[in-house]
Amino acid sequence: MNGVTPDRNLALELVRVTEAAAMGAARWIGRGEKESADQAAVDAMRLMLDTVSMDGMLFNGEEVGDGTGPAVDVAVDPLEGTRLTALGQPNAIAVIAVAERGTMFFPGAAVYMEKIAVGPQGIDAIDITAPPADNIRAVAKAKGVSTREISVVVLERDRHDELIGELRDAGAKVNLIRDGDVAPAIAAASAGTGVDMLYGIGGTPEGVISAAALKCVGGGIQARLWPRDDEERRKLVEAGLDPARVLTTDDLVTGNDVFVAATGVTTGSLLRGVRYLPNGAVTDSIVMRSRSGTVRRVEATHALDKLEALTGRQYR
């Protein structure tokens with residue numbers, strides 16, 4: 001480690017990364033080609049990542065950044081919601097999270113985790129080991145509302161059929177989404193989004209990114225690793241990871257200098273999607289910093305002809 005602490009200037013460098021990924025993916029909105037959308041976002045993000053002043057390391061050991069500046073862990077999802085983008089549906093985003101080196105949870109063989117994400121009022125009320133109905137009642141009590149006013153986002157998967165029934169029986173409104181649980185996790189901690197909780201089993205890397213964002217905005221997450229079979233469980237145990245352990249926000253991201261940037265690809269509860277002008281595009285982003293608790297909204301107008309000449313990539 002180089003001993004350099006991430007500073008606030010890093011935030012605006014990161015939002016340029018997610019803007020590039022979002023505009024790369026936006027060319028493929030509604031075209032039914034999720035692989036093409038994902039590849040466009042990956043390529044655009046990688047190109048911009050290499051210009052950021054940081055000595056970054058991804059989960060897989062890949063180095064990113066220009067090698068100068070702070071030594072940091074980096075978690076990225078160039079396009080969270082590839083299918084959403086392909087189908088032209090809401091809530092696809094490009095997102096990146098950065099924290100001091102060695103402070104982000106490494107998921108090992110764990111592809112999925114159970115998770116509950118809530119805002120500041122709910123974090124001391126939830127218990128991932130308790131029945132869903134108990135958590136709905138606890139969050140409603142903490143927020144001073146009826147359980148019928150609690151809105152929960154759940155990934156639309158067969159594995160969630162029982163969970164969905166229990167949440168509805170408890171009085172909650174369940175909003176089913178096809179993909180992408182980082183945006184709803186952030187939305188749960190953001191005023192005016194209409195989201196109170198994210199609940200269910202989703203990607204582990206996305207859980208780490210969500211924890212980083214919630215650490216910035218004041219919400220929180222509880223999670224448990226969810227091995228898909230006995231072989232995956234064995235690998236986790238051999239790596240010293242206990243699937244029964246309840247992981248909190250601070251377990252997933254232990255650092256105090258955390259930065260998160262996200263840019264909308266398609267319009268959703270958290271961010272507006274990329275909008276096109278005659279020779280330009282407008283992006284809507286959110287930039288968060290844990291140490292100051294500052295959350296910035298960044299609306300940027302991009303001249304596409306200049307961007308294409310500068311990068312050699314297409315953005316329309």
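No experiment lies behind these values; they were computed from the predicted model shown. Along the sequence shown, residues carry numbers from 1. Side-chain atoms are counted along with the backbone in the values below, which use heavy atoms only and exclude waters and symmetry mates.
Side-chain N or O atoms of Thr248 include none that pairs as donor or acceptor with a backbone N or O of Gln222 at under 3.5 Å. The backbone N or O of Gly203 sits less than 3.5 Å from a side-chain atom of Lys115, completing a donor-acceptor pair. Using modelled atom types, one side-chain atom of Thr249 and one backbone atom of Ile221 make a donor-acceptor pair closer than 3.5 Å. Judged by distance alone, the side chain of Glu63 and the main-chain N or O of Asp55 form no donor-acceptor pair under 3.5 Å. Side chain of Thr103 to backbone of Thr254: no donor-acceptor contact under 3.5 angstrom is found. In this structure, Lys215 contributes its side chain and Val253 its backbone to a donor-acceptor pair below 3.5 Å. A donor-acceptor distance shorter than 3.5 angstrom exists from the side chain of Glu100 to the backbone of Asp257, with no hydrogens or angles considered. Counting only distance, with no hydrogens or angles, the side chain of Glu13 and the backbone of Ser53 share a donor-acceptor pair below 3.5 Å. Distance alone, capped at 3.5 Å, is enough to place a donor-acceptor pair between the Glu80 side chain and the Val182 backbone. A distance-only check finds no donor-acceptor pair linking the side chain of Glu62 to the backbone of Leu58 [under 3.5 Å].
Under the 4.5 Å side-chain heavy-atom criterion for grouping Ile, Leu, Val, Met, Phe, Trp and Tyr, Leu236 is connected to Phe59 within one hydrophobic cluster. Taking hydrophobic clusters as Ile, Leu, Val, Met, Phe, Trp and Tyr residues chained together by side-chain heavy-atom distances below 4.5 Å, Tyr199 shares a cluster with Ile123. Note on Leu84: it does not cluster hydrophobically with Trp28, by side-chain heavy-atom contacts below 4.5 Å among ILVMFWY residues.
Scanning for side chain to side chain donor-acceptor pair (under 3.5 Å) contacts around Asp127 gives Thr129, with sequence neighbours left out. Partners of Arg27 according to the side chain to side chain donor-acceptor pair (under 3.5 Å) rule, which considers only residues two or more places apart in sequence or in another chain, are Gln314. Applying the salt bridge (charged side-chain N to carboxylate O under 4.0 Å, His left out) rule to Asp73 yields the partners Arg101; only residues at least two apart in sequence or on another chain are considered. Remark: Ser36 pairs with Glu33 by the side chain to side chain donor-acceptor pair (under 3.5 Å) rule, at least two apart or across chains.
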Enumerate, atom names and distances included, each donor-acceptor pair closer than 3.5 Å involving a side-chain atom of residues 88-99, sequence neighbours excluded.
{"unit_1": "Gln89", "atom_1": "OE1", "unit_2": "Arg178", "atom_2": "NE", "d": "3.1"}
{"unit_1": "Asn91", "atom_1": "OD1", "unit_2": "Ser269", "atom_2": "N", "d": "3.0"}

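If you run side-chain contact (heavy atoms from CB on, under 4.5 Å) between Thr82 and each of Gln39, Lys34, Glu35, only Lys34 comes through.
What you find for Gly200 and Leu163 is that their closest heavy atoms are CA-CD2, 3.8 Å. Closest of all the heavy-atom pairs between Gly180 and Leu155 is N-CD2, 4.0 Å. In terms of heavy atoms, Gly220 sits closest to Leu214 at O-CD1, 3.5 Å. Counting all heavy atoms, side chain and backbone alike, Ala25 lies closest to Val265 at CB-CG1, 4.1 Å. Pairing each heavy atom of Pro205 with each of Val111, the nearest pair is CD-O, 4.1 Å. Residues Pro243 and Val237 approach most closely at CD-CG2, 4.3 Å, considering heavy atoms.
Put simply, CG on Asp230 and NZ on Lys235 are 12.5 Å apart, with the number rounded to the nearest 0.5 Å. Here Ile136 contributes atom CD1 and Ile150 contributes atom CD1; the two are 6.5 Å apart, rounded to the nearest 0.5 Å. The distance from the OH atom of Tyr276 to the CD1 atom of Ile29 is 6.0 Å, given to the nearest 0.5 Å. Note that the CG atom of Asp77 and the CG atom of Asp181 stand 9.5 Å from one another [nearest 0.5 Å]. The CZ atom of Phe106 lies 9.0 Å from the CG atom of Leu241; values are rounded to the nearest 0.5 Å. The structure places CG of Asp242 at 10.0 Å from CZ of Arg224, a figure rounded to the nearest 0.5 Å.
Here the side chains of Thr51 and Met48 are in contact, with some heavy-atom distance below 4.5 Å. Looking at heavy atoms from C-beta onward, Leu14 lies out of side-chain contact with Val287 at the 4.5 angstrom threshold. Within the 4.5 Å cutoff, side-chain heavy atoms of Ile126 are placed close to those of Val139. Contact annotation: the side chain of Val15 never approaches that of Arg296 to less than 4.5 Å [non-hydrogen atoms, C-beta and beyond]. Two residues are said to be in side-chain contact when any heavy atoms from C-beta on lie closer than 4.5 Å; Arg233 and Leu225 fail this criterion. Residues Met197 and Leu167 are not in side-chain contact: their nearest non-hydrogen atoms beyond the backbone lie 4.5 Å or more apart. Using a 4.5 Å heavy-atom cutoff, the side chains of Asn175 and Val195 are not in contact. Phe259 is not listed as a side-chain neighbour of Val72, based on a closest heavy-atom distance of 4.5 Å or more.
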Audit row: Asn256, Arg291, side chain to side chain contact (heavy atoms under 4.5 Å, CB included) steps and yes/no: CA-CA 6 Å; Asn256 294 315; Arg291 186 170 288 279; 3.8 Å; yes
Mind running side chain to side chain contact (heavy atoms under 4.5 Å, CB included) on Arg275 and Glu299 for me, showing each step along the way? CA-CA 11 Å; Arg275 290 159 283 153; Glu299 183 177 276; 3.4 Å; yes
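A donor atom on one side chain and an acceptor atom on the other are found under 3.5 Å apart for Ser285 and Thr263. Between the side chains of Thr68 and Asp66, at least one donor-acceptor pair of N or O atoms lies under 3.5 Å.
Checked for salt-bridge contact, Arg234 and Glu231 meet the test: a charged N lies under 4.0 Å from a carboxylate O.
Sorted by first then second residue, the side-chain hydrogen bond (donor to acceptor under 3.5 Å, both in side chains) pairs that include residues 137-166, not counting sequence neighbours, are Asp134-Arg137, Lys143-Asp196, Arg157-Asp179.
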